[in-house]
Amino acid sequence: MPFALLAVGVTALLLTVNAHAPRYGAALAVPSFFAGWLTIELAPHLLVAEVAGIGLTAAYGGLGAWPGWVGLGAGVVGVAGTAATIVASRRTVVTLRESGAPMEIDPSETRKTSRYPISHLILPPLCLIPRPGVRVHRNIVFRQEGRLRLKLDVYRPASGGELRPGVMQIHGGAWVIGDKREQGLPLLNHLAVHGWVGFNVNYRLSPRATWPDHLIDLKHFIAWYREHAREYGADPDFLCVTGGSAGGHLAALVALTAGEAEFQPGFEDVDTSVRGAVPFYGVYDLVEPGPWPVPMGATSLMERRVIKKSFTEDTEAFAKASPVSHLRPDAPPFFVVHGSHDTLVPVAEARRFVKRLRETSHSPVVYAEMQGGQHAFDVFPSYRTARVVEAVEHFLTGLHRQYAEGVRRPSVPSEITDSVDGGPVG
């Protein structure tokens with residue numbers, strides 16, 4: 001039993017160390033991500049498990065020899081680190097960096113306006129199942145050609161009324177895995193409660209699909225939305241887009257390539273523009289290495305499975321697949337979200353994209369950095385998810401308010417300043 005206590009304690013310590021100082025090397029990035037992801041976003045649950053594991057092994061003889069005492073010491077440090085993670089997630093959730101928002105944010109005031117009371121100590125009230133007041137329509141076919149059948153799920157308010165704003169959610173999964181049932185659910189539930197109609201959309205996956213099949217499928221959804229939005233209570237003239245990881249990459253491309261014939265063959269005349277984009281922890285440049293040891297496009301994933309071309313022989317193909325290559329003055333408003341501890345897509349990737357987008361776009365570009373957040377942090381209904389979901393809803397609702405008021409050139413919505421924590425705002 002002393003060695004069991006040693007194992008529990010050392011595991012708790014290693015999880016804490018990885019959560020606060022993740023590893024970015026090629027060999028450790030993926031295991032560091034999974035360990036940090038679960039530790040950070042499920043910290044309250046982990047804390048209970050660690051205390052129970054240490055207590056039980058100690059009670060049943062774990063302190064009978066020196067390994068148990070070493071394990072106890074390591075475990076205490078690990079438990080303290082997990083508790084610190086919880087505190088950090090409650091106190092430092094979102095930092096706006098040079099957003100152009102009209103005022104500096106007072107963290108104490110933002111907590112007063114939060115819709116989620118601090119009494120929710122174990123699980124914030126964001127559910128992966130439909131929330132009360134939300135109606136879900138599943139497996140609606142939006143594109144059918146031969147054997148190809150692409151489906152979506154709709155999240156909408158249960159009550160009727162006037163046409164509501166629409167949002168398109170694009171799942172991630174490195175362009176090769178993932179499904180509409182798995183991602184974006186806390187956000188879609190929250191938006192539906194606040195009057196939005198959300199469309200969680202599937203698209204063809206690699207290696208069966210070859211770039212730009214993924215983007216073309218999403219453009220087909222927009223064409224479908226223009227024709228069928230009213231059937232689900234949505235305004236066909238107002239659609240925003242969001243997504244995480246590969247979905248963040250695709251969301252940015254959807255927003256930046258409106259009307260580009262290459263990506264909408266056979267329906268070139270369809271208006272595929274969106275009113276706003278909220279990409280989460282996306283990849284924005286496949287050509288320049290920047291924070292990567294080698295360009296993302298030069299990896300075997302992109303060369304062999306997704307784009308299926310040689311990076312050195314056809315770099316232009318990878319440039320066309322990069323959102324940064326499609327920056328335009330008339331880009332819609334952006335709200336870019338990234339975690340500071342992301343080990344799969346380093347946070348510098350988001351920072352350089354935001355910098356270049358601000359240099360080009362005439363629309364507002366808001367950047368929120370989730371302090372301590374890992375990749376895919378929003379999959380779980382965690383404290384960070386609750387706060388950033390509120391911020392996204394405020395941002396999108398502000399854009400829709402300006403649209404309803406007939407504002408021709410959107411500005412940073414004042415609503416965004418009511419829902420985010422910390423940091424100087426330029």
Side-chain angles (χ1 to χ4, degrees), residues 24 94-101 170 172 175 211-212 215 218 240-260 262-263 272-299 302 307 311 315-340 342 344-370 373 375 391-392 395 399 409-413 416 423-426:
Y24 294 92
V94 183
T95 298
L96 290 182
R97 293 181 178 271
E98 300 174 356
S99 69
I170 306 172
W175 304 274
W211 176 265
L215 181 58
L218 300 172
C240 294
V241 63
T242 185
S245 195
H249 162 264
L250 292 168
L253 277 172
V254 165
L256 294 169
T257 61
E260 292 194 14
E262 179 181 1
F263 300 127
T272 56
S273 63
V274 294
R275 301 282 181 168
V278 186
F280 287 69
Y281 41 84
V283 177
Y284 306 108
D285 192 338
L286 301 178
V287 176
E288 296 297 328
W292 313 89
V294 298
M296 182 66 178
T299 62
M302 302 306 296
I307 297 182
F311 180 80
T315 306
E316 181 61 25
F318 294 83
K320 285 186 177 181
S322 301
V324 73
S325 299
H326 299 273
L327 302 182
R328 48 202 288 178
D330 63 343
F334 266 74
F335 184 3
V336 180
V337 183
H338 217 96
S340 65
D342 194 321
L344 295 187
V345 182
V347 68
E349 175 77 356
R351 292 174 181 169
R352 67 174 180 175
F353 173 70
V354 167
K355 180 178 182 295
R356 293 191 60 182
L357 181 58
R358 285 176 175 159
E359 292 170 349
T360 306
S361 176
H362 294 159
S363 296
V365 180
V366 177
Y367 174 46
E369 195 163 292
M370 303 294 290
H375 196 78
V392 170
F395 176 78
L399 295 182
R409 183 176 175 181
S411 60
V412 175
I416 190 90
V425 179

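Small disclaimer: the values here were computed from a predicted structure and weren't measured. Side chains included, hydrogens not; waters and symmetry mates left out as well; all remaining heavy atoms used.
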Enter the distance from R351:CZ to H338:NE2 here, rounded to the nearest 0.5 Å. 9.0 Å

Nearest atoms (heavy-atom pairs only) where P323 meets H249: CD-CD2, 3.5 Å

Are the side chains of V347 and D342 in touch, meaning some heavy atoms are under 4.5 Å apart? no

Donor-acceptor pair, side chain of T360 and main chain of L327, under 3.5 angstrom: no

Taking only residues two or more places apart in sequence, or in another chain, which ones meet E262 in a salt bridge (charged side-chain N to carboxylate O under 4.0 Å, His left out)? K320

Below 4.5 Å, heavy atoms only, C-beta onward: do F335 and P364 meet side chain to side chain? no

V324 and L256, any side-chain heavy atoms less than 4.5 Å apart: no

To the nearest 0.5 Å, what is the distance between OG on S245 and CH2 on W175? 6.5 Å

Side-chain contact, heavy-atom cut-off 4.5 Å: T242 with V392? no

R356: which residues meet the salt bridge (charged side-chain N to carboxylate O under 4.0 Å, His left out) condition with it, sequence neighbours left out? none

Roughly how far, to the nearest 0.5 Å, is the CZ atom of F311 from the OG1 atom of T299? 9.5 Å

Going by the angle between their ring planes, with limits at 30° and 60°, are F353 and Y284 parallel, tilted or perpendicular? parallel

Is a side-chain donor or acceptor of E288 paired with a backbone partner of P295 at a separation under 3.5 angstrom? no

Using the side-chain contact (heavy atoms from CB on, under 4.5 Å) rule, take D285 and S322 through it: C-alpha gap first, then chi angles, then the decisive distance, then the call. CA-CA 5 Å; D285 192 338; S322 301; 4.2 Å; yes

List the atom of E369, the atom of S340, and the distance in Å for their closest heavy-atom pair. OE2-CB, 4.0 Å

CZ of F334 to OH of Y367, rounded to nearest 0.5 Å, is 14.5 Å

Where the side chain of S361 meets the backbone of L357, is there a donor-acceptor pair that is under 3.5 Å apart? no

Answer yes or no: is there a side-chain heavy-atom contact under 4.5 Å between V241 and L250? no

Y281: what forms a ring pair (Phe, Tyr, Trp, His ring centres under 6.0 Å) with it, not counting sequence neighbours? H375, F377

Can you confirm whether L399 sits close enough to P413 that some side-chain heavy atom of one is under 4.5 Å from a side-chain heavy atom of the other? yes

With rounding to the nearest 0.5 Å, note down the distance linking OG in S363 to CZ in R275. 11.0 Å

What heavy-atom pair brings S325 and A319 nearest, and what distance separates the two atoms? OG-O, 2.8 Å

When you measure from the side chain of H362 to the backbone of P332, do you find a donor-acceptor pair of N or O atoms at a distance under 3.5 Å? no

If we count only N and O atoms by modelled type, under 3.5 Å, do the side chains of E260 and H326 hold a donor and an acceptor together? yes

With side chains defined as the heavy atoms from C-beta onward, is the minimum distance between V336 and V366 less than 4.5 Å? no

Would L286 and I307 count as a side-chain contact (heavy atoms from CB on, under 4.5 Å) here? Give the steps. CA-CA 11 Å; L286 301 178; I307 297 182; 4.0 Å; yes

